[in-house]
Amino acid sequence: MFEIRKDGFYLDGKRFRLFSGAMHYFRVPRGYWEDRLFKLKACGFNCVETVVPWNFHEIKEGVFDFSGMRDLAGYCRAAARLGLYVIVRPGPYMCGEWDFGGFPARLLADKNLRIRCNNPEYLAQVEEWLRAVMEQIAPLQITRGGNIIAMQIENEYGSYGNDKQYLAAVRDILKNCGAEVPFFTSDGVDAAMLSGGTLDGVYKTLNFGSHAARAFESLKGVQDNMPKTCMEFWCGWFDHWKETHHRRISAQVAAELKKIIGMGANVNIYTFHGGTNFAFWAGANYFDKYMPTVTSYDDAALLNEYGGYTPAYHKVRAILHEARGIRPGQLPPAPKVQDVGRVALERADLWDNLRRLGGRHESATPESMEKFGQNFGYILYETVVRGRYGANILRFEGVHDAAYVRINGKPVKKYYRTSNRGKKNNDGFTCKCPAFDGEMKLEILVEGMGRINYGPETENDFKGLRKVLLGNQTLFGWNIYTLPLDNLHAADMTKKCAAGKPAIYRGVFRADPGRDCFVDMKGFSKGFVTVNGINLGRYWKVGPQRSLYLPAPFLKEENEIFVFEQEGSRAESLNIGSRHYL
């Protein structure tokens with residue numbers, strides 16, 4: 001049994017000090033779970049923590065998938081085989097720099113549904129989700145002989161709201177679904193966050209990256225005479241596109257960790273190993289502008305994105321072994337990497353293939369991806385305006401998040417929502433439309449770059465396009481093509497195009513299936529890459545990330561690579577090598 005008493009944590013009646021590291025199973029290829037967990041234990045941790053993304057497990061409404069990289073129970077069992085305990089944070093909201101904070105995109109389709117509050121329709125869906133999770137992990141709780149010792153209610157709720165009825169409802173749902181281990185909440189150190197996000201009778205933990213003494217002072221009057229826990233000690237930080245890659249001095253990480261341990265507090269390092277936001281799973285932030293997160297979730301973690309040791313790993317390892325009074329053993333070897341070399345690519349026109357790759361819908365007005373049940377990817381809008389029109393301004397509203405406009409097949413505008421800093425209407429743009437007498441064909445390709453995962457804008461981030469006006473005239477009558485782009489192999493590669501135009505590239509290469517490598521996107525502009533049908537994630541020349549991680553478990557001896565290049569490149573090949581450019 002795991003107990004939280006006034007004088008500390010107890011495990012089977014004995015004092016227990018929690019030294020945990022965050023590592024998310026869904027950001028790590030399943031073939032590497034055991035390697036990463038072994039390195040976590042070798043660092044001196046006795047527990048691993050993970051959040052659980054609802055949208056990763058429920059791709060289609062009512063159908064829950066816990067297989068392969070989604071096998072949460074299998075992950076917990078892998079930890080158990082190494083003698084590690086597990087903390088599970090099942091949501092329903094998780095943040096985690098993950099699309100929509102872990103919520104299914106379909107929740108946005110119902111405009112009357114309010115998330116993260118005591119809304120009956122929302123809570124009914126939360127109950128379905130938590131019941132599905134608990135069916136997987138209830139037998140693995142320490143109360144039943146397993147290794148799961150605690151579960152979190154919601155996540156950093158005080159950063160969003162103050163609905164205590166909602167928090168109590170989530171707690172009660174978990175209990176009714178079989179949760180038996182202690183519950184906790186986690187929030188920032190601000191008094192307002194603790195006021196809104198905590199719940200009477202539930203253990204309260206904090207999230208911070210420095211100034212431990214001052215941080216724990218915030219619990220005075222909120223939770224006195226109880227053990228202290230930092231549930232997220234931020235040893236690093238994540239990256240947005242157009243930023244510099246975040247790093248943290250290892251000596252600083254070590255000094256702050258020593259302070260926490262010296263105070264007798266418990267700690268969960270966020271993150272021990274960040275991993276990768278494969279496919280389109282990366283989320284976004286919104287403060288004074290829209291800020292999407294990059295594909296890499298390196299997070300300046302103790303293990304880097306591909307499982308390599310960092311200076312911070314070795315410093316933290318020394319601290320934890322001393323604190324626990326245990327002797328360090330031999331570490332596993334560093335990851336094996338390979339240089340594949342240049343891969344020749346054939347090129348086909350992207351715009352000529354879009355309708356081939358999408359599903360067509362007719363609509364009076366532009367509608368979002370969510371309206372059509374599309375979770376991720378791109379969406380194409382087309383209409384034909386007929387009549388006699390003078391030169392005027394086209395106005396596009398509700399554009400989330402990048403858009404490419406063509407008039408009569410000619411590119412006329414490129415737009416990024418990331419550029420609209422501080423503007424009241426942060427999701428629109430205009431362009432000129434020439435006079436015409438007859439027909440004008442208008443096409444807009446929109447890329448969804450990750451739904452907002454933190455703050456009050458989470459429930460407003462519909463993907464696609466809301467409205468188009470020519471002058472003051474609203475345009476109606478649209479063909480809409482939903483483009484999740486999980487079928488690039490269906491592209492017609494005979495539809496050739498000139499260098500520098502938006503294109504779909506294809507190549508084949510041989511590789512060692514036992515070694516990692518990195519796809520270097522130097523010379524390309526913006527898009528995503530798949531290898532053997534697996535989406536490695538987005539790239540964008542603005543940085544900070546230039547290469548995409550290609551783990552060995554995704555490789556075969558002979559491999560097929562596709563590049564969806566939405567802006568154009570003159571490249572005829574790309575390099576797959578042993579160096580990660582981040």
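A donor-acceptor contact under 3.5 angstrom links the side chains of His273 and Arg36, judged on distance only. Side-chain N/O atoms of Glu565 and Tyr539 include a donor and acceptor closer than 3.5 Å. Under the 3.5 Å distance criterion, with hydrogens and angles disregarded, a donor-acceptor pair is assigned to the side chains of His245 and Asp239. Checked by atom type, the side-chain pair Tyr404/Gln566 shows a donor-acceptor distance below 3.5 Å. Between the side chains of Asp298 and Ser296, no donor N or O sits under 3.5 Å from an acceptor N or O. Side chains of Trp281 and Asn55: a donor-acceptor N/O pair is absent below 3.5 angstrom, by distance only. Thr185 and Glu154 share no side-chain donor-acceptor pair at under 3.5 Å.
Within the structure, salt bridge (charged side-chain N to carboxylate O under 4.0 Å, His left out) contacts touching residues 49-58 (residues at least two apart or in different chains) are Glu49-Arg89, Glu58-Arg106.
Looking at Glu439 and Arg386, a side-chain N of the basic residue comes within less than 4.0 Å of a carboxylate O on the acidic one, giving a salt bridge. A salt bridge does not link Lys463 to Glu370: none of the charged nitrogens lies less than 4.0 Å from a carboxylate oxygen. Of the charged side-chain nitrogens involved, none lies within less than 4.0 Å of a carboxylate oxygen, so that Arg451 and Asp461 do not count as a salt-bridged pair.
Within the cation-pi definition used here (under 6.0 Å to the ring centroid, within 45° of the axis), Arg27 qualifies as a partner of Tyr297. A cation-pi arrangement is not found for Arg538 relative to Phe528, the charged atom failing to lie both closer than 6.0 Å to the ring centre and inside a 45° cone about the ring normal.
Separation of atoms OG1 (Thr50) and CG (Asn268) is listed at 10.0 Å; rounding is to 0.5 Å.
Here Phe518 and His580 bring their ring centres to under 6.0 angstrom of each other.
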